Amino acid sequence: MERFRRPLAVICLILMGILILAALILAIIGTEEALRLLMADLFCLMVVPAVFYGYQLLLNMKKKRMDENDD
């Protein structure tokens, strides 16, 4: 389980960077369609870190259960 942590963190950082860049570009464009896409982008900027944090919590809980079963 530990081997998934680092690549997942790198993927999350890359995704967050792309979303931030997209938000800046969409804010500059400013058309009606761009504003709707900007709202969706801002929503994703809140959801992606929350999902990543939840996945980390699940990995920690699974690791603790495996450690308890080994003892």
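These numbers were taken from a predicted model, which means no experiment stands behind them. Atoms considered below: every heavy atom in the structure, side chains included; atoms not considered: hydrogens, waters and symmetry mates.
Partners of M16 according to the side-chain contact (heavy atoms from CB on, under 4.5 Å) rule, which considers only residues two or more places apart in sequence or in another chain, are C12, L45, V48, P49.
Taken to the nearest 0.5 Å, the CE atom of M46 stands 10.0 Å off from the CG atom of D41. With rounding to the nearest 0.5 Å, the separation of OH in Y55 from CG in N60 is 11.5 Å. Summarising the geometry, atom CG belonging to L42 is positioned 9.0 Å from atom CG belonging to L26; distances are rounded to the nearest 0.5 Å. Remark: L59 CG to L8 CG distance equals 8.0 Å, nearest 0.5 Å. To the nearest 0.5 Å, atoms SG (C44) and CD1 (I18) are separated by 12.0 Å.
Linking ILVMFWY residues whenever their side-chain heavy atoms come closer than 4.5 Å, directly or via other members, places M39 and L15 in the same cluster. Tracing side-chain contacts under 4.5 Å through hydrophobic residues (I, L, V, M, F, W, Y), one never reaches I25 starting from L38; they form parts of separate clusters. Placement of V51 and F43 within a single hydrophobic cluster is found when ILVMFWY residues are connected by side-chain heavy-atom separations under 4.5 Å, directly or transitively.
In summary, R65 and E68 do not engage in a salt bridge, as defined by a charged side-chain N under 4.0 Å from a carboxylate O.
Residue I29 comes nearest to A34 through the heavy atom pair CG2-CB, 3.8 Å, listed as atom of the first residue, atom of the second, then distance.
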